[in-house]
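Just below is one structure, and these are the notes that go with it.
Chain letters run A, B, ... following the sequence lines, proteins first and then strands; every chain starts at 1.
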2 protein chains.
Amino acid sequence: MYQKKTPVQLDCGLQFFKELLNGKWKLMLVYYISKNLKRPSELQRKIPNADRRVMDKQLQELVLHGFLNKKAFDTKVPKVEYELTELGEKLLPLILTIEQWGEQNRFVLNEALEKDPKFINVI
Amino acid sequence: MYQKKTPVQLDCGLQFFKELLNGKWKLMLVYYISKNLKRPSELQRKIPNADRRVMDKQLQELVLHGFLNKKAFDTKVPKVEYELTELGEKLLPLILTIEQWGEQNRFVLNEALEKDPKFINVI
DNA sequence: ACAATTACGCATAAATTTATGCGTATCTTA
DNA sequence: TAAGATACGCATAAATTTATGCGTAATTGT
C-alpha cells in the first residue's frame, strides 16, 4: 500500500480539509449520498465519469476516515449502502457553500479556466 | 509548460473549486493576504513549510485565475504586493467555513488521520 | 445457456502536483 | 566588501493521485 513520505502540517484547519477530502470525487460522493443515492451502482450512474475503481477507493477512504458508514447486506445479490456519519453530516454545510459558490460564479470561473493555457483542449 | 490531458468536467459547482483551488497552499495564501500579509516575503515567513518556488507558482496561478492582483513597485529594492480581487473576496466565506470546520473538529479529524496507515510516520 | 447487474480488488501505468538543484539581479546593512 | 533581503524562474526529480488492464463471484432476466 502507498505510504506518504512528506510530513503533514496541521497547524491550520484548512489543512485537515486538504488531507482528508482532496480526492477527485469525494465531496460529490458525500453530497449525493446526503441526497439519498446510497448504493455504489446509483452513485456510479450519477457520476459516470468517475471510474468505478477510483470511486471505490475514495468511498473506502471516506469510510476509513469516518465520514461514511458502509452497510453490506448479505442478500442473494450483493447489496451495499452508504450513509453519512455525524462527521459526514458536518461536512454538508461546507459542501453546499462550495457548490453554491461555484454555481453563482460559474461564468467568471469558466473564464478563469479558459485564460489558463494548461486547460486548452480539455474543457 | 504543462498541459492537462484529462478532460475536465464542470457540471457541478464543486468541480470549479477543485480545478482552480486545489493547490497545496492556495487557500492559505488567499486567507493570509486577506489578513493583510501582502508581500511574498511576509507570506513566506508565515508559511515557512511552503517552498518559495511552489508558493510562487501558486500565487501566479491565483493571479492568472483572477483571485489576486499583483502590484509590482518599481523601487530600488524590488517590492511586490498582492491583493484580493472581487472574485478573491468571494472566496473568503468558503475559506472561513472550511477553516472553522477544521478547527472545531480538530480532535476527530486528527484521529481520522491516525487511523489511516498511509499517514504513519508523517503526522 | 448467455448477457447483464451487483460488488470488490490487485498491480501497474499514466497523469498531475510538489519539491529541489542551480542561477540571475539589485540594493541595504554591518 | 561580504552577508542578507527582495524577487523571479527554468529544468528535472520525486511524490502523489488517477486511470486501466485483468480477474473473481453470485444472481437475475431473456
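The side chain of Q58(B) places an N or O atom within less than 4.0 Å of a non-bridging phosphate oxygen (OP1 or OP2) of dT18(C). Checking the phosphate oxygens (OP1, OP2) of dA14(D), no side-chain nitrogen or oxygen of T6(A) falls inside 4.0 Å. Taking side-chain N and O atoms only, S41(B) has no distance below 4.0 Å to OP1 or OP2 of dA5(D). In terms of phosphate contacts, Q3(B) brings no side-chain nitrogen or oxygen within less than 4.0 Å of OP1 or OP2 of dT16(C).
Rounded to an integer number of Å, the gap from CG of N22(B) to C1' of dT18(C) is 12 Å. Between the CD1 atom of I47(B) and the P atom of dT18(C) there is a distance of 13 Å, given to the nearest Å. Rounded to a whole Å, the NZ atom of K71(A) is 18 Å from the P atom of dT6(C). The distance between atom CG of D56(A) and atom P of dT17(D), rounded to the nearest whole Å, is 17 Å. For K24(B) and dT16(C), the NZ to P distance is 19 Å, given to the nearest whole Å. One atom, NZ of K57(A), and another, P of dG9(C), lie 12 Å apart when rounded to the nearest Å. Atom P of nucleotide dT20(C) and atom CE of M55(B) are separated by 15 Å, given to the nearest angstrom. Whole-Å rounding puts the D51(A) CG to dA7(C) C1' distance at 14 Å.
Ion pairing of D51(A) with R53(A) is present here, as a side-chain N (NZ or NE/NH1/NH2) and a carboxylate O approach within less than 4.0 Å. Ion pairing of R106(B) with E103(B) is present here, as a side-chain N (NZ or NE/NH1/NH2) and a carboxylate O approach within less than 4.0 Å.
The V80(A) side chain lies nearest to dA7(C) when the options are dT6(C), dA7(C), dT17(C). Comparing dT20(D), dC8(C), dT16(C) by their nearest atom to the side chain of K70(A) picks out dC8(C). Nearest to the side chain of R52(B), among dT16(D), dA7(C), dC8(D), sits dC8(D). In this structure, of dT16(D), dT18(D), dC8(D), it is dT16(D) that holds the atom nearest to the side chain of Y2(A). Residue K4(A) has its side chain nearest to dT17(D) when only dT18(D), dT17(D), dA19(C) are considered. Of the candidate nucleotides dG9(C), dT16(D), dC8(D), dG9(C) has the atom lying nearest to any side-chain atom of R53(A). The side chain of K5(A) approaches dT16(D) more closely than any other nucleotide in the set dT16(D), dT16(C), dT18(D).
Side-chain atoms of L109(B) and L10(A), non-hydrogen and from C-beta on, never get closer than 4.5 Å to each other. Using a 4.5 Å cut-off on side-chain heavy atoms (C-beta onward), K4(A) and E19(A) make contact.
Nucleic acid contact for Q60(A): sugar-phosphate only, since backbone atoms but no base atoms lie under 4.0 Å from a heavy atom of the residue. Nucleic acid contact class of K26(B) (heavy atoms, under 4.0 Å, all strands): none.
Using bins of under 30°, 30° to 60° and over 60° for the plane-to-plane angle, the ring pair W101(A)/F17(B) lands in the perpendicular bin.
Counting non-hydrogen atoms of neighbouring residues, nucleotides and ligands closer than 6.0 angstrom, the CD atom of E86(B) reaches no more than 12 such neighbours. Atom NZ of K46(B) has 12 or fewer neighbouring heavy atoms from other residues, nucleotides or ligands inside a 6.0 Å radius.
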Protein-nucleotides 26-29 of chain C N/O pairs closer than 3.5 Å?
none

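Where P40(A) and P7(B) each meet DNA chain C at their nearest nucleotide, the meeting point lying more 5' is that of P40(A).
Taken together through direct or relayed side-chain contacts under 4.5 Å among Ile, Leu, Val, Met, Phe, Trp and Tyr, V54(A) and L64(A) form parts of separate hydrophobic clusters.
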